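Here the structure is laid out as C-alpha cells; the discussion comes afterwards.
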Amino acid sequence: GDENVSLFQDYQYKHPTKTGKGALIYEYVYPAVFYEEEGKISVIFPDLGNLATFGDNMADSMRMAGDGGLYLFTALRDGEPLPVPSPLSE
C-alpha cells in the first residue's frame, strides 16, 4: 500500500548575534514535516500556519522548504512577532 514517511527535524530559536560590522543576525529554525504524497515529497511547517511546499525528490523539497524563509522575512519586515518554534517532543 501507500506508505507516508514523516521525518522531523528539531530546531531551536537562537538569540541574535552581532556581525563584525555591527549588524544583527537572527536565526529561527522550525520543525518541518517531510512526507511522500502522490510521488512528490511534501513539506509542512506546523508552527508557521501550516506553511507547505513540495518537491520532486528530497533534495528538491529541502530547497523549496528553504524558500519558506520569505515568510519569516516578511513577518519581520512588517513588525509581526514570529512564532516560537515547537520542540520536537510536541
Side-chain angles (χ1 to χ4, degrees):
D2 231 355
E3 187 174 324
N4 286 339
V5 178
S6 294
L7 302 173
F8 293 88
Q9 295 185 1
D10 189 21
Y11 296 110
Q12 297 177 5
Y13 164 75
K14 295 182 181 178
H15 295 285
T17 56
K18 283 196 171 198
T19 66
K21 296 181 181 181
L24 287 178
I25 296 176
Y26 292 86
E27 275 188 41
Y28 293 87
V29 257
Y30 293 89
V33 180
F34 292 78
Y35 61 96
E36 186 174 353
E37 181 178 54
E38 299 179 15
K40 306 284 184 184
I41 304 294
S42 295
V43 185
I44 295 177
F45 293 91
D47 293 333
L48 302 179
N50 286 323
L51 177 71
T53 188
F54 70 92
D56 292 328
N57 53 47
M58 186 57 84
D60 190 35
S61 65
M62 297 270 297
R63 183 183 58 76
M64 296 299 290
D67 290 345
L70 286 176
Y71 173 92
L72 300 174
F73 171 79
T74 301
L76 286 172
R77 181 196 65 201
D78 295 345
E80 298 173 14
L82 296 181
V84 175
S86 297
L88 183 60
S89 60
E90 292 181 16

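Starting from 1, each residue takes its place in the sequence as its number. As the structure is a computational prediction, the values presented were derived from the model and not from experiment.
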State which residues pass side chain to side chain donor-acceptor pair (under 3.5 Å) with Asp56; sequence neighbours excluded, sorted by chain then number. Lys40
Name each donor-acceptor pair under 3.5 Å that joins a side chain in residues 45-55 to protein atoms two or more places apart or in another chain, with its distance.
| from | atom 1 | to | atom 2 | distance (Å) |
| --- | --- | --- | --- | --- |
| Asp47 | OD1 | Ser86 | OG | 2.6 |
| Asp47 | OD2 | Ser86 | N | 2.7 |
| Asp47 | OD2 | Ser86 | OG | 3.4 |

Compare all side-chain heavy atoms of Leu72 with those of Leu82 and state whether any distance is below 4.5 angstrom. yes
Between atom CD of Glu80 and atom OG1 of Thr74, what is the distance when rounded to the nearest 0.5 Å? 8.5 Å
May I ask whether Met64 and Tyr30 are part of the same hydrophobic cluster, defined by side-chain heavy atoms of I, L, V, M, F, W, Y residues being less than 4.5 angstrom apart, directly or through others? no
